[in-house]
Protein chains: 4
Amino acid sequence: MPAESVPAARGPGRPRSSRTRTAILAAAVDLVTEGGLAALSMSSIAARAGVSRVTLYKWWSSPGAIVLDGLLDRSHSSIEHDPSASARDAIAAQMQALITLFTDDGPTAAAIRAVTARAESDAQLARDLREHWHRPRREVAADILRRGIRSGEVRPEIDVEATIDLLFAPIYHRLLVDHAPLGPELVDQLLALFNGFAEPAPRLTST
Amino acid sequence: MPAESVPAARGPGRPRSSRTRTAILAAAVDLVTEGGLAALSMSSIAARAGVSRVTLYKWWSSPGAIVLDGLLDRSHSSIEHDPSASARDAIAAQMQALITLFTDDGPTAAAIRAVTARAESDAQLARDLREHWHRPRREVAADILRRGIRSGEVRPEIDVEATIDLLFAPIYHRLLVDHAPLGPELVDQLLALFNGFAEPAPRLTST
Amino acid sequence: MPAESVPAARGPGRPRSSRTRTAILAAAVDLVTEGGLAALSMSSIAARAGVSRVTLYKWWSSPGAIVLDGLLDRSHSSIEHDPSASARDAIAAQMQALITLFTDDGPTAAAIRAVTARAESDAQLARDLREHWHRPRREVAADILRRGIRSGEVRPEIDVEATIDLLFAPIYHRLLVDHAPLGPELVDQLLALFNGFAEPAPRLTST
Amino acid sequence: MPAESVPAARGPGRPRSSRTRTAILAAAVDLVTEGGLAALSMSSIAARAGVSRVTLYKWWSSPGAIVLDGLLDRSHSSIEHDPSASARDAIAAQMQALITLFTDDGPTAAAIRAVTARAESDAQLARDLREHWHRPRREVAADILRRGIRSGEVRPEIDVEATIDLLFAPIYHRLLVDHAPLGPELVDQLLALFNGFAEPAPRLTST
DNA sequence: AAATAAGCGAGACGGTACGTCCTGTCTTAGC
DNA sequence: GCTAAGACAGGACGTACCGTCTCGCTTATTT
């Protein structure tokens with residue numbers, strides 16, 4: 001149930017109202033921001049958006065799917081990165097961007113928390129979350145790391161997937177469990193513990 | 001809503017049935033193992049345990065609280081460690097134990113997933129989960145690290161909290177998001193990326 | 001789904017609220033009086049009675065069943081008759097009573113119309129209507145006729161069932177189709193066309 | 001909403017498809033035969049007829065109106081009678097024809113039952129049913145009775161409307177309430193109880 | 001041949017009702 | 001005083017039909 005940008009081939013029949021779609025996504029994100037998952041139901045979204053419940057069921061299968069769509073709509077561009085930066089700076093920028101998103105953009109943080117929670121009992125939603133949120137972001141990070149390996153900035157023997165988990169999972173973990181504050185200093189704290197970047201000296205010998 | 005071990009002051013009236021408590025916790029864990037959060041409700045637990053719904057409300061405030069109680073009952077002993085081991089071995093053992101718990105003990109994995117999900121919209125449950133599950137385990141890890149610092153095995157400039165997140169969050173993240181398999185090899189993959197252990201010999205010999 | 005007068009054996013559990021039952025039956029009859037079948041739904045009855053829809057489903061299976069119950073509650077006594085009257089007078093009284101019920105008691109007329117209409121597509125309701133409304137009334141009429149036969153007032157060769165249809169069906173037909181006014185004069189008009197009563201002369205020869 | 005036989009003034013624009021009308025009426029009657037009123041909806045008729053719902057709304061206002069149209073289309077000719085027969089035979093023939101229609105022609109019986117039921121909450125449909133089904137049939141019966149009065153076969157003091165109800169209402173009543181079988185023997189049973197025919201010989205000889 | 005107009009299918013949409021399930025509370029009886 | 005049984009209001013679920021509203025295509029008549 002990802003966000004579709006194609007406006008459909010335009011056959012017969014009344015065309016889908018774009019105002020409706022927008023209102024629904026906004027209502028879902030607003031509700032989840034204010035009251036979390038508990039405030040989220042097909043009924044409450046429909047009421048808030050001024051829309052019929054049937055219209056919701058027509059296009060989405062669950063409240064979680066709507067929130068995920070709203071989430072993807074509002075933050076799809078955050079995964080870009082500067083190709084000229086060093087691997088370390090690029091990874092740090094990604095981590096920083098994620099933390100900023102979670103701390104400065106309340107709706108996004110609430111939406112991620114809610115969708116992750118709902119995914120526990122909704123396999124389709126779990127799949128969509130993985131495919132449309134985590135996978136693109138992990139691929140960007142993986143690209144950065146692989147480019148760093150090729151350029152000698154990153155040690156070639158690292159496990160890329162484990163590295164991404166090592167650096168990014170703590171951010172999600174703090175967002176979900178809230179056992180410690182989530183702030184910008186976390187980036188440096190984590191990177192200081194990571195030994196995947198090659199030291200200046202050995203870098204000359206590689207390549 | 002943590003597990004109470006004190007048998008209550010024993011006033012007048014019919015004493016609380018321990019058989020009932022056991023049956024309720026077992027029913028909750030069974031249900032969550034079979035069907036996740038979706039299968040879990042006060043009604044379904046009461047039906048499975050052969051108990052009145054009112055009894056549940058008398059002692060717990062939500063299905064999540066019951067599952068958490070069941071979870072704590074069945075795995076409270078898993079956080080012990082051998083004081084004679086090296087810091088690295090002790091940390092690795094903790095990580096390994098957690099992974100084993102999640103991969104070999106279906107009920108525990110299901111319960112953690114469910115309680116974490118429910119905690120998104122239940123502040124009290126979130127607090128109990130942090131206090132009774134995460135905090136004791138983090139304290140054990142913190143002890144190991146601090147002892148390592150004192151003995152010179154662990155670099156003293158590390159941030160202990162960030163270190164615990166770095167090493168354990170990936171395990172929870174894989175359990176929840178399921179983007180990559182959760183297996184015993186993850187321990188070595190993660191530790192290989194961690195530079196917090198002071199190494200007598202030059203790192204170049206590792207590989 | 002007939003009206004139960006037995007107050008149930010009184011076991012454990014909260015006893016059924018009699019106020020609720022009364023309010024539901026009244027609401028159903030009121031609604032059908034004001035707007036006919038179209039105004040009648042489980043939802044509208046529940047709203048009018050200030051009661052949860054679930055409570056309705058607990059005790060009745062359809063709006064029609066509720067109206068029938070209300071109907072039986074309000075007019076169960078109308079089928080009595082004076083055993084000392086002549087057969088002709090007793091039958092006339094029954095016919096008159098039915099017409100009066102339909103013309104003077106709007107709710108009853110509306111309820112009978114609605115239940116008969118709904119019975120077209122609800123076999124259980126049709127059965128209940130036959131058993132609890134029509135059958136008792138037909139039995140009273142049959143008793144009168146059979147007593148008349150024994151006393152010589154009624155010709156013995158008549159078909160009792162056909163006679164009851166002949167005399168009473170026109171009343172229901174006018175109520176339902178409304179092709180001609182339903183008034184007290186109909187009783188004499190119909191009886192004037194009926195030849196089932198024995199003439200005064202032959203009466204002496206019988207017995 | 002009666003059947004129009006005039007092919008319309010033929011203005012500009014695409015003419016109405018007669019195939020469509022036929023398919024719709026057939027679909028409505030089929031549905032009502034199979035499942036009664038409950039199976040009848042604008043949606044189900046449209047689906048069965050392979051037609052758009054909008055087309056239905058263009059020409060009819062309700063499912064009941066469609067069924068009535070279908071009913072009138074299929075049985076308009078059944079009210080003719082032989083002018084040379086006696087009044088008694090002619091009335092008996094009308095009664096017999098109605099019973100035969102209801103017992104041998106399932107679709108017609110189902111349609112009458114459904115339309116009568118729906119008419120309870122649809123004043124326009126009730127009017128159309130009276131005007132286009134009952135009134136023509138009652139007029140034929142009234143003609144027979146009035147001709148009988150003129151010829152001396154029928155007693156002049158009878159109330160014609162009441163007589164028609166007396167003889168025909170039982171047939172509709174049995175069709176709707178189904179409290180007793182509807183069969184050809186009913187005609188003689190009813191006529192034997194009717195004293196409206198002037199009899200030359202003394203009634204005692206009948207038996 | 002083009003313009004005009006109605007018939008008609010496809011599809012979106014708000015609204016209402018359906019019957020079911022779970023929640024949290026309350027009321028009774030029994031242990 | 002713990003517990004089971006049960007009644008109840010409230011609210012969400014997912015589905016069905018309602019009636020209305022665009023659309024775009026088709027089929028005819030009129031200019």
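The sequence lines fix the lettering, A, B, ..., with proteins before strands; numbering per chain opens at 1.
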According to side-chain contact (heavy atoms from CB on, under 4.5 Å), who are the partners of [X], at least two apart in sequence or on a separate chain?
{"X": "Val29(D)", "value": "Thr33(D), Arg74(D), Pro107(D)"}
{"X": "Ala23(D)", "value": "Arg19(D), Ala49(D)"}
{"X": "Arg127(A)", "value": "Ala123(A), Gln124(A), Arg130(A)"}

Pairs satisfying salt bridge (charged side-chain N to carboxylate O under 4.0 Å, His left out), at least one member in residues 39-53 of chain C, at least two apart |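 Listed by first then second residue: Asp30(C)-Arg48(C), Glu34(C)-Arg48(C).
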Salt bridge (charged side-chain N to carboxylate O under 4.0 Å, His left out) partners of residues 109-123 of chain B, not counting sequence neighbours, each pair once |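 Sorted result for residues 109-123 of chain B: empty, none.
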Whole-Å distance separating the [atom1] atom of [X] from the [atom2] atom of [N]:
{"X": "Asp122(A)", "N": "dG14(F)", "atom1": "CG", "atom2": "P", "result": "10 Å"}
{"X": "Trp60(D)", "N": "dG7(E)", "atom1": "CH2", "atom2": "P", "result": "12 Å"}
{"X": "Ile45(D)", "N": "dG19(F)", "atom1": "CD1", "atom2": "C1'", "result": "15 Å"}
{"X": "Arg48(B)", "N": "dC22(E)", "atom1": "CZ", "atom2": "P", "result": "13 Å"}
{"X": "Arg19(A)", "N": "dT22(F)", "atom1": "CZ", "atom2": "P", "result": "15 Å"}
{"X": "Leu56(A)", "N": "dT15(F)", "atom1": "CG", "atom2": "C1'", "result": "14 Å"}

First of Ser18(C) and Thr55(B) reached from the 5' end of DNA chain F, by closest nucleotide | Thr55(B)
Taking OP1 and OP2 of dC8(F), is either one under 4.0 Å from a side-chain nitrogen or oxygen of Trp59(C)?
->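 Trp59(C) to dC8(F) OP1/OP2: side-chain N or O found under 4.0 Å.
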Would you indicate, yes or no, if dT3(F) has its OP1 or OP2 atom less than 4.0 angstrom from a side-chain nitrogen or oxygen of Lys58(B)?
->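 For dT3(F), OP1/OP2 do not have a side-chain N/O of Lys58(B) under 4.0 Å.
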Going 5' to 3' through nucleotides 15-21 of chain E, assign each nucleotide B (protein heavy atom under 4.0 Å from a base atom), S (under 4.0 Å only from sugar-phosphate atoms) or - (no protein heavy atom that close).
-> B-BBBBB
Would you say the side chain of Trp60(C) lies within less than 4.5 Å of the side chain of Leu25(C), judging by non-hydrogen atoms?
->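 Yes, their side chains come closer than 4.5 Å.
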dG7(E), dC13(E), dA9(F): which one has an atom nearest the side-chain heavy atoms of Thr20(C)?
-> dA9(F)
